[in-house]
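Quick note: numbers below take in every heavy atom, side chains included, and nothing from hydrogens, waters or symmetry partners.
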Amino acid sequence: MNTDITASTKPEYPVIDRNPAFTKTVGNFNTLDYLRLITISGVSVTVGYLSGIRPNIRGPSMVTGGLIGVMGGFMYAYQNSAGRLMGFFPNEDEVARHKKYQLKRLESASNAQFDYSKVSGSSNSDGIEIGIGQFTCAQKSEVDYMER
């Protein structure tokens, strides 16, 4: 049985991340997500308190309702955030933020200044390998230039 939602439903909006990580999804929560989480939690605490009046277990009932509300509100906010990242819900703000981040990343990569005293390189038949500090980059297209 195929449980992959993308196999049956195609995204209607731009896809930012097909499989967002937990931290990326939680980091993508917007104000409305937090408002929904707080609202669901508050309503659940109230319902828990009111349902515990008659048997006189207001405290434990309120705590249980609150825990259920926090978990339910978090799952609802997480679902909305992941849906926006995967393109299943409207995501204009996320697309604009993602484009801005990508442009900033490209600009910083193009303006990068390297300390060439830390660069070490070697050439072999597969290409050239350049190490900068702890990072290593292998590119075959630069072999001719570096061997001159």
Can you tell me how far apart [atom1] ([X]) and [atom2] ([Y]) are? Round to the nearest 0.5 Å.
X   : Y   : atom1 : atom2 : result
H98 : D17 : NE2   : CG    : 8.0 Å
M62 : I53 : CE    : CD1   : 11.0 Å
N91 : N80 : CG    : CG    : 12.0 Å
N28 : T23 : CG    : OG1   : 11.0 Å
M75 : I40 : CE    : CD1   : 10.0 Å
T39 : Y76 : OG1   : OH    : 11.0 Å

Quiz item: Are the aromatic ring centres of F74 and Y34 under 6.0 angstrom apart?
Solution: no
Main-chain N/O of [Y] paired with [X] side-chain donor or acceptor, under 3.5 Å:
X   : Y   : value
S44 : I68 : no
S41 : L37 : yes
S61 : R58 : no

Practice problem: Over all heavy atoms of both residues, which pair between F89 and Q79 is shortest? Give the atoms and the distance, please. | Solution: CE1-O, 3.6 Å
Practice problem: Give the minimum heavy-atom separation between I57 and P60, together with the two atoms involved. | Solution: O-CD, 3.5 Å
Quiz item: Are the charged groups of R84 and D33 less than 4.0 angstrom apart, N to O?
Solution: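 A salt bridge is present here (some side-chain N lies under 4.0 Å from a carboxylate O).
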Exercise. Before giving the answer on side-chain contact (heavy atoms from CB on, under 4.5 Å), spell out for R97 and K100 the whole-Å C-alpha distance, their side-chain angles and the decisive distance to 0.1 Å.
Key: CA-CA 5 Å; R97 192 177 330 124; K100 184 178 174 183; 5.7 Å; no
Quiz item: Quick one: does L85's side chain get under 4.5 Å of T25's, heavy atoms only?
Solution: yes
Quiz item: Are any of the side-chain heavy atoms of P11 and M86 separated by less than 4.5 Å?
Solution: no
Exercise. Run the numbers on N30 and D93 for side-chain contact (heavy atoms from CB on, under 4.5 Å), then give the verdict.
Key: CA-CA 10 Å; N30 60 19; D93 294 340; 5.7 Å; no
Quiz prompt | F29 with F22, same ILVMFWY side-chain cluster at under 4.5 Å | solution =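 Per the 4.5 Å side-chain linkage, F29 and F22 are co-clustered.
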